[in-house]
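To start, the structure itself, in structure tokens.
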There are 4 protein chains.
Amino acid sequence: MLAPIKSPRKREALGVRSERRVKEILMVARQVFSEQGYEKSTVLEIARSMDVSEATVFSYFTSKRDLCMQVIKVWYDEISSELEREVPLIIGTRAQLHFIVRKHLATLMHEGTGMCKLVLSEGRTVDEEFAEMQADLRRRYTAPLKKVFSTAQRSGEIRQDMPLPLLRDLVYGATEHVLWDYVVTNNKPDIDTTAAQLTDMFWSSLVPLPADLKKLAQFHVEVADALRRLDVPAEGNARIAANAR
Amino acid sequence: MLAPIKSPRKREALGVRSERRVKEILMVARQVFSEQGYEKSTVLEIARSMDVSEATVFSYFTSKRDLCMQVIKVWYDEISSELEREVPLIIGTRAQLHFIVRKHLATLMHEGTGMCKLVLSEGRTVDEEFAEMQADLRRRYTAPLKKVFSTAQRSGEIRQDMPLPLLRDLVYGATEHVLWDYVVTNNKPDIDTTAAQLTDMFWSSLVPLPADLKKLAQFHVEVADALRRLDVPAEGNARIAANAR
Amino acid sequence: MLAPIKSPRKREALGVRSERRVKEILMVARQVFSEQGYEKSTVLEIARSMDVSEATVFSYFTSKRDLCMQVIKVWYDEISSELEREVPLIIGTRAQLHFIVRKHLATLMHEGTGMCKLVLSEGRTVDEEFAEMQADLRRRYTAPLKKVFSTAQRSGEIRQDMPLPLLRDLVYGATEHVLWDYVVTNNKPDIDTTAAQLTDMFWSSLVPLPADLKKLAQFHVEVADALRRLDVPAEGNARIAANAR
Amino acid sequence: MLAPIKSPRKREALGVRSERRVKEILMVARQVFSEQGYEKSTVLEIARSMDVSEATVFSYFTSKRDLCMQVIKVWYDEISSELEREVPLIIGTRAQLHFIVRKHLATLMHEGTGMCKLVLSEGRTVDEEFAEMQADLRRRYTAPLKKVFSTAQRSGEIRQDMPLPLLRDLVYGATEHVLWDYVVTNNKPDIDTTAAQLTDMFWSSLVPLPADLKKLAQFHVEVADALRRLDVPAEGNARIAANAR
DNA sequence: AATGAATGAGCATTCATTCAT
DNA sequence: CATGAATGAATGCTCATTCAT
């Protein structure tokens, strides 16, 4: 099932000079793709941006899609490596979660809305052929968080009644939604604040609620509800609720 | 005398037959767009799928983009209407949240991965010109949840220290990430289970965690007392655990 | 060789009401064609301008080209009729020439650059099939001038050593070139002045120069030339030349 | 960041091979355009006529209109250059006029009715965007005649009571009307005869008609006298006819 | 190693024209 | 008589991709 990669003979014999070229092209391509999006970018434009002919680009990458995927791959590889190196240095599940969330936000926002779009949206469109590669990249990228979570689950630090993928969806979904908001509205949120708030909420979701507290909270909700139904302003309750964090 | 915008063929005063046609085209277009994505779909294919000429399609919609936007708009309008009608019938914030999450999951998964892709990914790509319309649709669509949350915040039922947009990002982000997982892996998760789990986690994030749990206990005692005075037997024993952050 | 006119059965049985319709359409079409030019005009626009469907237009005219040709024909017929009626009322060859030139200028400039363009340029483009009709219209249109000239030639009032068509080319060519200038630059020249000037020049060309005067003029030219070659400023000659009308 | 105008493929740094191609395309395009007219010609046909793909043509010219304009421009440039070089070599205003008229006739008739149509009719239609360029070409093309006339006017050799543009309209208008006749009737007139006749008529229009012919006679007498004093025998008998308006 | 040149395959969009009702 | 609806047939233009040099 592996995409039958048209083995580019040329790629084999790449010397040092060539490696540099590849990186150069990837850099420019990242720039162009993230500015215009995949469909609107043209190989010509990429080539021209580095004073090279289209043909040259095609001698290093088999296709436009290939090039785009490499761009995305580079991005994922970079941040994945960093995560793999840095996360283990953090102590404490919550702190690790916070670190990952913050990093995700920060990295994607760093280059403006461009990479956001590319990784979050365009990357998704670019064809089935690369679906597997995408999945692999994504898997590696989310592995650190997954590891954090599975360890924490095993130790009972976080709730065990939720499937791991769902926890991942919670974290990345919410975080990326924030990023997408940024893309659409172009309002750059404060990274630190947002990361803290997100982590806070995630943590609330993750932490195992002791049965009693849970019951208590539920009770609180129900009473408040009942009061509301009686048209009695539940001022008192509201005040109780208003002092968290 | 300014360049007279050549209005598309007819479009006004649609007869009954025409209305049917419009709907027919929208249906087929939804199908095609959701299967292939916007860029890879061609108007020709849409036309052929309904044994009609390309020109016919263009006599009902001014452009390919117009058509696609209408498709997306119809989808949003439908589900938005339903939400606006149904959510108020639900009693209780948590139940409303659950309803919305479940509905979101169910609706988008209902037609296979197609509409997921279209709404979640393509919908995001299709051009600046429609950005505003997209935003409007989205705004209306998320309005019910927003209202639920803002009401609940005002009453103190959910925490007030989180900005509304972030709460929305939490809910829609996580939910849509689950959906996207479905798109990528093609593993359809169980809707009810997932909705329940997500809601559970969201609720944990949303519920106000009183910093001073003693206050909560005190509240319990007082309410129990009050109830006793009303001859209503109160249940629930408040043993307080101290692990909330 | 006559263009096999697709006999429009409909046209035969046209009642009075229909005649009115035909005229109505022709009016609107003239408007549209002259504003936008043939290629850029659409039947749809013409139809809409009179709140009728495209199909209706086509039930009165076999094709867009037909319609355009009718528009041009109407224009030619109108002005031809007028010329045929009015020219004979004028007395004197020169006055008749002046009248025709002035009328040509005035009529074509009357409706702005639109009809100029249509009659002078678009009319020429619209297809070989109608070439003959065009030629006929043109022939009838130029007939009055031709008659004036042939009469004057026979009587010896104007020179007989020039072929009639060339005289016609002289008059219409120059006049229409003036009109075209107007189309291009959009500077409307004064009709009376221009007509007078053109007629003046035409008349000089037409009038038979008595051999002696001709020789004299030629002599004048040669002497002036010779003087110039000697670098002697021919002030005297210039002064002599400067007092004509 | 303004919408970056996607420059057409190459176009800069044309190699030797390319230059040849450009000329080749221009030649074929001239052929096609002049045979069919702008609107009816298709780039495809031009491409096929030279066994090249449509895309190739578009890689040398940004658009169909661009191509057509280049064709027209080349024609104008060629003849303009020739005129600029040749006219100054001619001695005598009348001879220069004759030369220009003859050249205009000859050049346009040389390639059959094709270039006539293109330059005389299509050239006028092809869009506002190129209006200015057209005007420039035309200006340069008519400049030699204009110069001849303005010099002759200043020296008093031709009448000064007519605006230069009108003189130009007279000459080019009549000449082009002759050409258009050729286009319509396909009867090729004899170039030399026609040029001579036209020039003759033009000259009659241009020559200053002294209001007081006596002055002219007097001038003749004086010059004759002067000549006699130089022992140069003067010919020409001044018998003055009185029919100049 | 680099590229100039060429192109195949598309693709959205327009409109005159037809015809059943 | 009028027309709503449908469409066939073009057409200009774009770009990823190939390949000889």
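The sequence lines fix the lettering, A, B, ..., with proteins before strands; numbering per chain opens at 1.
In this structure, Thr56(A) contributes its side chain and Val52(A) its backbone to no donor-acceptor pair below 3.5 Å. Here the side chain of Tyr60(D) pairs no donor or acceptor atom with the backbone of Leu26(D) at under 3.5 angstrom. Remark: side-chain polar atoms of Tyr38(D) are paired, donor with acceptor, to backbone N or O of Arg65(D) under 3.5 angstrom. In terms of modelled atom types and a separation under 3.5 Å, the side chain of Lys73(C) and the main chain of Gln134(C) share no donor-acceptor contact. Distance alone, capped at 3.5 Å, places no donor-acceptor pair between the Lys64(C) side chain and the Phe58(C) backbone.
At whole-Å resolution of the value, CZ in Arg65(A) and P in dC15(F) are 17 Å apart. Rounded to whole Å, the distance from CZ on Phe58(C) to P on dT17(E) is 4 Å. Between Tyr60(D) atom OH and dG4(E) atom P there is a gap of 11 Å when expressed in whole angstrom units. Spacing between atom CG of Leu44(B) and atom C1' of dG8(F) amounts to 13 Å, rounded to whole angstrom units. Atom pair Asp51(D):CG and dA5(E):C1' shows a separation of 16 Å (rounding to whole Å applied). Atom pair Phe61(D):CZ and dA5(E):C1' shows a separation of 15 Å (rounding to whole Å applied). Lys40(A) places its NZ atom 16 Å from the C1' atom of dC15(F), with the value rounded to the nearest Å. At whole-Å resolution of the value, NZ in Lys64(D) and P in dT14(F) are 15 Å apart.
Each of Val52(D) and Thr42(B) has a nearest nucleotide on DNA chain E; the 5'-most of these lies closest to Val52(D). If Ser41(D) and Ala55(B) are placed on DNA chain F by their nearest nucleotide, the residue sitting closer to the 5' end is Ala55(B).
Checked by distance alone, Glu54(B) brings no side-chain donor or acceptor within 3.5 Å of a matching partner on the base of dC11(E).
Cation-pi geometry between Lys40(A) and Phe33(A) is not met at under 6.0 angstrom from the ring centre and within 45 degrees of the axis.
The side chain of Arg21(D) places no N or O atom within less than 4.0 Å of a non-bridging phosphate oxygen (OP1 or OP2) of dG4(E).
In this structure, Thr56(D) reaches the bases: a heavy-atom distance under 4.0 Å links it to at least one base atom across the strands shown.
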Per-nucleotide pairing state of DNA chain E [Watson-Crick or G-U, under 3.5 Å; [ ] pseudoknot-crossing; | other strand]: .||||||||||||||||||||
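Salt-bridge check for Glu45(B) with Arg48(B): failed, with every basic side-chain N at 4.0 Å or more from each acidic carboxylate O.
Closest to the side chain of Ser63(A), from the set dA16(F), dT17(F), dA2(F), is dT17(F).
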